[in-house]
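I'd like to ask some things about the structure below.
When reading the values below, keep in mind they use all heavy atoms of this one structure, side chains included, and skip hydrogens, waters and symmetry mates. The structure displayed is predicted, hence computed values, not measured ones.
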Amino acid sequence: MKGLFAVALGILTAIGGFVDIGDLVTNGLVGSRFGMSLAWVVVVGVIGICLYAEMCGRVVAISGRPVFDLVRDRLGERAALANLLASSLITFLTLAAEIGGVALAIELATSVNYLLWVPIVGFLAWLVIWKLPFSVMENVFGLVGLTLVVFVVALVQLNPDWRHLADGALHPSVPTGEGHPTAIYYAIGLFGATMTPYEVFFFSSGGVEEGWTAKSIKTMRLNVFLGFPLGGLLSTGYTVAQDFGWSWGKFVKPVKAARFHTVVLLVLVAGLALVLTTIDPVKVTEYSVVLSAAALPLTYRPILVVANDRRYLGDKVNGRVTNTIATVYLLIILVVAAVTIPFMLVTKAGL
């Protein structure tokens, strides 16, 4: 049972970060338009997020400090601020989309307009963050996250043409009526949804909450390589507090981390306000994952730098193989970031 709970952090991250509304909307939209032809992007993204999450977990386990804190220490205030602003904007948009998504789901179940559910959803989210200790959030939501298996069961029960699906995935092609620029644009969206920046910050912050040490590396890797493939409100509070050196987290009482909880509350209220403007949550989701792709270098380059700094990790820095693969991914990330906005303009956001 202890081993099962040890994996819960990874599963919680999978629900709150990996399989969030960005992944659900983007994968559903891409699947309906391109079938399995872009499934390879998800595989590439999963490998990338696992690779960099493992680095973040190792940094926390050895240094005892969250990655965002070390980024500021290692690269300076300007680099940290740029990262903070970009990741906070994307996380805010994702939060608003998730609140709207939950409200829309309740509307489907009750036939009550989703806007009436938005304040209730927001209040419940705040109540969970304010009242529940991190360990309870981790274990309860982590175990509930095992219901993700229902998607596998549903797929089997639908009895699809497996050979057709495999052929579409292994021999990708642009369907008739769709252009190559549009396919590239949605590939960018898939990649951005898979490697959303706040995932790694939330994961590393959770490691600090859990008190990871060098002895925790095996458990951390289990979280990464099992939790992430299965599948940010708190992330915004974490990153802001860590950047400014405030007391933060669920391991201290709210009164001793007042600024952390104030940031969380303000971001939540702002997210509710955005959804209550009646803006389409699905559109917010689409833009958030694409902008996420554009901002990826601001998050992943600093992680790679810190993971190679012996002052923080000693002999636990990246090995040659890890660095080679991570550098290849960083080059991919840089290319993706460079072409994101041009393809958004050329395709008119995938229209």
Measuring from N308:CG to N318:CG, what's the distance to the nearest 0.5 Å?
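The CG atom of N308 sits 4.5 Å away from the CG atom of N318.
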Please test L268 against I99 for side chain to side chain contact (heavy atoms under 4.5 Å, CB included), starting from the C-alpha separation and ending with a verdict.
CA-CA 9 Å; L268 178 58; I99 292 173; 3.8 Å; yes
When you compare the side chain of Y185 with that of V346, does any pair of heavy atoms fall below 4.5 Å?
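SC-SC contact between V346 and Y185 ruled out.
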Would L85 end up clustered with I90 when hydrophobic side chains under 4.5 Å apart are linked, directly or stepwise?
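Result: no, two separate clusters.
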Can you tell me how far the OG1 atom of T322 sits from the CG atom of L304, to the nearest 0.5 Å?
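With rounding to 0.5 Å, OG1 (T322) is 10.0 Å from CG (L304).
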Closest heavy-atom pair and its distance - P302, P297:
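So the minimum-distance heavy-atom pair works out to CD-O, 3.5 Å.
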Among all residues two or more places apart in sequence or in another chain, which pass the side chain to side chain donor-acceptor pair (under 3.5 Å) test with H171?
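With sequence neighbours excluded, H171 shows a side chain to side chain donor-acceptor pair (under 3.5 Å) to D167, given in chain and number order.
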The criterion is side chain to side chain donor-acceptor pair (under 3.5 Å); which residues satisfy it with Y186, sequence neighbours excluded?
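Partners of Y186 by the side chain to side chain donor-acceptor pair (under 3.5 Å) criterion, ordered by chain and then number, come out as R33.
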State which residues pass side chain to side chain donor-acceptor pair (under 3.5 Å) with R301; sequence neighbours excluded, sorted by chain then number.
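In terms of side chain to side chain donor-acceptor pair (under 3.5 Å), with neighbours along the sequence ignored, R301 is linked to no residue.
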Does anything in residues 268-305 form a ring-ring contact (aromatic ring centres under 6.0 Å, His included)? List the pairs, not counting sequence neighbours.
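Pairs touching residues 268-305 that pass the test: Y52-Y300.
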Restricting to non-hydrogen atoms, name the atom on A307 and the atom on L313 that form the minimum distance, rounded to 0.1 Å.
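Minimum heavy-atom contact is O-CD2, 3.8 Å.
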Drop me the distance from L165's CG to M36's CE, to the nearest 0.5 angstrom.
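CE of M36 is found 5.5 Å from CG of L165.
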Can you list everything that forms a salt bridge (Lys or Arg N to Asp or Glu O under 4.0 Å) with K316? Sequence neighbours excluded, please.
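Partners of K316 by the salt bridge (Lys or Arg N to Asp or Glu O under 4.0 Å) criterion come out as none, since no residue qualifies.
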Give the C-alpha distance, both sets of side-chain angles, the deciding distance and a yes or no for side chain to side chain contact (heavy atoms under 4.5 Å, CB included) between V71 and V305.
CA-CA 8 Å; V71 167; V305 171; over 6 Å; no
Hydrophobic cluster membership, I333 vs M55, 4.5 Å side-chain cutoff
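I333 and M55: one cluster.
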State which residues pass side chain to side chain donor-acceptor pair (under 3.5 Å) with T299; sequence neighbours excluded, sorted by chain then number.
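By the side chain to side chain donor-acceptor pair (under 3.5 Å) rule, T299 matches N83.
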Closest non-hydrogen atom pair between T194 and V42, with its separation
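Answer, listing the atom of T194 first, then V42: CG2-O, 4.1 Å.
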Stepwise side chain to side chain contact (heavy atoms under 4.5 Å, CB included) test for V317 and D309
CA-CA 7 Å; V317 294; D309 196 322; 5.8 Å; no
Enumerate the residue pairs fulfilling ring-ring contact (aromatic ring centres under 6.0 Å, His included) with a member in residues 71-90, sequence neighbours excluded, ordered by first and then second residue.
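Of all non-adjacent pairs touching residues 71-90, none passes ring-ring contact (aromatic ring centres under 6.0 Å, His included).
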Kindly give the heavy-atom pair with the smallest separation between A96 and G271, and that separation in Å.
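Here A96 and G271 meet closest at CB-O, 3.9 Å.
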Within this structure, what is the CG-OG distance for the pair L170 and S37, rounded to the nearest 0.5 Å?
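These two atoms lie 12.0 Å from each other.
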Is there a donor-acceptor pair closer than 3.5 Å between any side-chain N or O of S292 and the backbone N or O of S288?
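Here the side-chain-to-backbone pair does not exist.
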Contacts of type side chain to side chain contact (heavy atoms under 4.5 Å, CB included), residue V336, not counting sequence neighbours:
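If we apply the side chain to side chain contact (heavy atoms under 4.5 Å, CB included) test to V336, skipping adjacent residues, the hits are I188, F191, A293, I332, T340.
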Pair listing, ring-ring contact (aromatic ring centres under 6.0 Å, His included) test, anchored in residues 321-349, at least two apart:
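Applying ring-ring contact (aromatic ring centres under 6.0 Å, His included) to every pair that reaches into residues 321-349, excluding sequence neighbours, yields nothing.
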Determine whether V41 and I47 fall in the same hydrophobic cluster, where Ile, Leu, Val, Met, Phe, Trp and Tyr are linked whenever their side-chain heavy atoms lie under 4.5 Å apart.
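In one cluster: yes.
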From CA spacing to verdict: side chain to side chain contact (heavy atoms under 4.5 Å, CB included), Y312, I62
CA-CA 7 Å; Y312 305 126; I62 300 302; over 6 Å; no
By side chain to side chain contact (heavy atoms under 4.5 Å, CB included), which residues pair with L104, not counting sequence neighbours?
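L104 satisfies side chain to side chain contact (heavy atoms under 4.5 Å, CB included) with E107, Y114, P281 once adjacent residues are dropped.
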Where the side chain of T277 meets the backbone of L274, is there a donor-acceptor pair that is under 3.5 Å apart?
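Judged by distance alone, yes, a pair lies under 3.5 Å.
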Let me have the donor-acceptor pairs involving side chains of residues 150-160, under 3.5 Å, with sequence neighbours excluded, atom names and distances please.
none

List the atom of M195, the atom of L296, and the distance in Å for their closest heavy-atom pair.
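Smallest heavy-atom distance, with atoms named: O-CD2, 3.2 Å.
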Do you know which two heavy atoms are closest between A183 and V174, and how far apart they sit?
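Where A183 meets V174 most closely, the heavy atoms are CB-CG2, 4.0 Å.
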If hydrophobic clusters are built from ILVMFWY residues whose side chains come within less than 4.5 Å, do F123 and V102 share one?
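Same cluster.
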Do L75 and V306 come close enough that some side-chain heavy atom pair is under 4.5 Å?
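The answer is no; the side chains never approach within 4.5 Å.
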Nearest-0.5 Å distance, CG of residue L95 to OG of residue S88
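Answer for the CG-OG pair, L95 versus S88, is 11.5 Å.
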Working to the nearest 0.5 Å, report the span between CZ of R72 and CG of L81.
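That separation rounds to 11.5 Å.
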Are L266 and F92 in one and the same hydrophobic cluster, where Ile, Leu, Val, Met, Phe, Trp and Tyr link if side-chain heavy atoms are under 4.5 Å apart?
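L266 and F92: separate clusters.
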What salt bridge (charged side-chain N to carboxylate O under 4.0 Å, His left out) pairs are there with at least one residue in residues 279-292, not counting sequence neighbours?
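Listed by first then second residue: K283-E286.
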